[in-house]
Amino acid sequence: MNAITDVPGAQVGHSTLIKGDNVRTGVTAILPHPGNIFQEKVPAAIYVGNGFGKLAGYTQVRELGNLETPIILTNTLSVPTAVNAVIGYTLNQPGNENVRSVNAVVGETNDGYLNDIRGRHIKEEHVLEAIENAKSGPVAEGNVGAGTGTVCFGFKGGMGTSSRVLPKKLGGYTVGVMVQTNFGGVLQIAGVEVDKKLDRYSEVLKYSADGSCMMVVLTDAPLDSRNLERLAKRAMLGLSRTGGIASNGSGDYVIAVSTAKACRIPYQSENPTQTMTTLRNNAMTPLFLATIEATEEAILNSLFAGETMIGRDGHKIEALPKQQVLKMLKEAEKMD
């Protein structure tokens, strides 16, 4: 499906909030497996490309190297609401009756140009709806969920996803990426300098390149948190291949998770030690390439799926001129 849900067990759900003239926002939930994530934690790492953001839950993931809740993406001022919703969701799951601490991981981008972000329209019910909607299979992209009101390279951004499968001789593992694109730079696609050809290069200096990009990388490769952080770093290379520049005001974060059943970490165990099989360092390179490619394409998919939107105070963001861009790409192929 060329989606993050190609990773076995992965599920994605959206809750999209479009009301009146000013509300253009939403929530996206990403689950590494359909079970009780708190009881069956998964190895995880978070890499900070540029830290101008409000990502919740970072320090515990950094310290312990695991994830114990769904990953939630939403808008900047709705992070506290989403955290509270995830805590409630986790406490209410069967088997968690005695849980006293929950590390909710919630990422964000600022959709305040198209959305009345100060109105804080996201409620806990919308977060729970996204989690309840989570499923495997095709994933909606563009103006949905957490990407409803986002802007990318001055065009309508949104949610995007992509995946890669390694050859069997390299393990046959799957890498899936989902992005929430709300950042700037100088857009290029497959080496074609789109912004320059559209005569928008000077505009890059006029409109704000600030924003954010949340990137979530899932893989069924058996990895520990150390190698997951190495994997997460490569997602930033995928962002740069699209022309993203991780500007001063951009919160660019990568959350990387291994969904491999053999690597799951039980909440409680009578055994003080845990043995798991993980990939060696010299087996990581193919996964690095897969992550770079899938991140790049997920960002581009968010642009190609994005549709023109009018939002707060009549602000309008045009969709990427797809036919014009496709013509550029075809011309570049002929020249090659």
Side-chain angles (χ1 to χ4, degrees), residues 4-5 10-39 53-57 67-97 99-150 157-159 161 178-182 212 214 216 251 253 255 302 307 309 311-312:
I4 194 170
T5 48
Q11 298 181 323
V12 173
H14 297 300
S15 177
T16 302
L17 197 59
I18 297 177
K19 290 185 177 180
D21 297 328
N22 292 336
V23 180
R24 306 286 186 271
T25 192
V27 182
T28 294
I30 302 167
L31 281 61
H33 66 73
N36 187 325
I37 303 170
F38 189 91
Q39 295 292 331
K54 288 75 184 168
L55 174 66
L67 177 78
E68 62 186 27
T69 69
I71 298 166
I72 302 298
L73 304 178
T74 187
N75 74 58
T76 305
L77 297 186
S78 296
V79 170
T81 298
V83 167
N84 210 38
V86 172
I87 290 173
Y89 164 80
T90 302
L91 293 179
N92 290 330
Q93 282 192 295
N96 294 350
E97 290 79 8
V99 171
R100 298 290 183 268
S101 173
V102 179
N103 185 53
V105 173
V106 179
E108 53 77 29
T109 71
N110 193 312
D111 57 15
Y113 186 76
L114 288 171
N115 175 51
D116 172 29
I117 194 170
R118 287 175 59 91
R120 292 182 284 179
H121 301 280
I122 293 294
K123 307 301 179 186
E124 289 187 31
E125 64 193 67
H126 302 121
V127 181
L128 297 176
E129 180 181 59
I131 296 173
E132 291 168 3
N133 288 342
K135 61 182 185 301
S136 57
V139 177
E141 299 176 275
N143 303 8
V144 295
T148 300
T150 62
M159 302 307 300
T161 190
M178 177 146 243
V179 296
Q180 177 192 19
T181 62
N182 193 52
S212 291
M214 288 299 310
V216 178
Y253 298 90
I255 304 169
S302 77
E307 299 177 358
M309 176 172 280
R312 180 181 67 85

K.L.:
Is the backbone of G26 close enough, under 3.5 Å, to the side chain of T74 for a donor and an acceptor to pair up by distance?
P.N.:
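Looks like yes, one N/O pair under 3.5 Å.
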K.L.:
Under a 3.5 Å distance rule, please check whether S212 uses its side chain to pair with a backbone N or O of T109 as donor and acceptor.
P.N.:
no
K.L.:
Output all residues satisfying ring-ring contact (aromatic ring centres under 6.0 Å, His included) with Y113, sequence neighbours left out; order by chain, then residue number.
P.N.:
H315
K.L.:
Is there a side-chain contact between T25 and S78, using heavy atoms and a 4.5 Å cut-off?
P.N.:
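Of all side-chain heavy-atom pairs linking S78 with T25, none is under 4.5 Å.
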K.L.:
Sequence neighbours excluded, which residues qualify as side chain to side chain donor-acceptor pair (under 3.5 Å) partners of N110?
P.N.:
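Checked N110 against side chain to side chain donor-acceptor pair (under 3.5 Å); zero matches.
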K.L.:
Show the nearest heavy-atom pair for residues P70 and I131, with the distance to one decimal.
P.N.:
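Taking P70 first and I131 second, the nearest heavy atoms are CG-CD1, 4.4 Å.
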K.L.:
Using modelled atom types and a 3.5 Å cut-off, is there a donor and acceptor pairing between side-chain atoms of E141 and backbone atoms of T161?
P.N.:
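Present.
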K.L.:
Run the side chain to side chain donor-acceptor pair (under 3.5 Å) test against T69 and tell me which residues pass, sequence neighbours left out.
P.N.:
none
K.L.:
For the backbone of V127 and the side chain of Y89, can you confirm whether one donor and one acceptor N or O come within less than 3.5 Å of each other?
P.N.:
no
K.L.:
Using every non-hydrogen atom in the two residues, find where L73 and A146 come nearest and quote the distance to one decimal.
P.N.:
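Looking at all heavy atoms of both residues, the closest pair is O-CB, 3.3 Å.
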K.L.:
Test of understanding: with side chain to side chain donor-acceptor pair (under 3.5 Å), list the residues that count as partners of E129, not counting sequence neighbours.
P.N.:
S15
K.L.:
Compare every heavy atom of G149 with every heavy atom of D111, then report the nearest pair and how far apart it is.
P.N.:
CB-O, 3.4 Å
K.L.:
Got a second to check how far L91's CG is from S101's OG, nearest 0.5 Å?
P.N.:
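Between atom CG of L91 and atom OG of S101 there are 9.5 Å.
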K.L.:
Pairs of donor and acceptor atoms involving the side chains of residues 117-124, under 3.5 Å and at least two apart or interchain, shall be tabulated with distances.
P.N.:
from : atom 1 : to   : atom 2 : distance (Å)
H121 : NE2    : D116 : OD2    : 2.9
K123 : NZ     : R120 : O      : 3.3
E124 : OE2    : N84  : ND2    : 2.8

K.L.:
Is E108 close to V106 at the side-chain level, that is, under 4.5 Å between some pair of heavy atoms?
P.N.:
no
K.L.:
Do T150 and M159 touch side chain to side chain, with heavy atoms closer than 4.5 Å?
P.N.:
no
K.L.:
Would you say that M214 contacts I255 through its side chain, given a criterion of any heavy-atom pair below 4.5 Å between the two side chains?
P.N.:
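With C-beta onward as the side chain, the pair touches.
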K.L.:
Is there a donor-acceptor contact under 3.5 Å from the side chain of H33 to the main chain of G35?
P.N.:
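At least one qualifying donor-acceptor pair exists.
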K.L.:
NZ/K54 to OH/Y253 distance, rounded to the nearest 0.5 angstrom?
P.N.:
7.5 Å
K.L.:
Which atoms form the tightest heavy-atom contact between G145 and T16, and what is the distance?
P.N.:
N-OG1, 2.8 Å
K.L.:
Any donor-acceptor pair under 3.5 Å linking the side chain of N36 with the backbone of Q39?
P.N.:
yes
K.L.:
Is there a side-chain contact between R24 and I18 in this structure, where contact means two heavy atoms from C-beta onward sitting under 4.5 Å apart?
P.N.:
yes
K.L.:
Between E97 (side chain only) and G95 (backbone N and O only), is there a donor and an acceptor less than 3.5 Å apart?
P.N.:
yes
K.L.:
Less than 4.5 Å apart, side chain to side chain, heavy atoms only: is that true for M178 and I30?
P.N.:
yes
K.L.:
Contact between M309 and T148 at the side-chain level, heavy atoms closer than 4.5 Å - yes or no?
P.N.:
yes
K.L.:
Any salt bridge (Lys or Arg N to Asp or Glu O under 4.0 Å) involving residues 68-93? Give me the pairs, sequence neighbours left out, ordered by first then second residue.
P.N.:
K41-E68
K.L.:
Pair H14, T28 - check side chain to side chain contact (heavy atoms under 4.5 Å, CB included), show working.
P.N.:
CA-CA 4 Å; H14 297 300; T28 294; 2.8 Å; yes
K.L.:
Quick one: pull up CG in L17 and CG in N75 and give me the separation to the nearest 0.5 Å.
P.N.:
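The CG atom of N75 is 9.5 Å from CG of L17, to the nearest 0.5 Å.
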K.L.:
Looking only at non-hydrogen atoms, find the nearest pair between Q11 and T5 and report the distance.
P.N.:
CA-CG2, 4.2 Å
K.L.:
Any idea which heavy atoms bring N143 and G157 closest together, and the distance?
P.N.:
OD1-O, 3.7 Å
K.L.:
Could you check if a side-chain atom of T90 sits within less than 4.5 angstrom of a side-chain atom of I37, using non-hydrogen atoms only?
P.N.:
no
K.L.:
Please round to the nearest 0.5 Å and tell me the distance separating atom CG of L128 and atom CG of N133.
P.N.:
11.0 Å
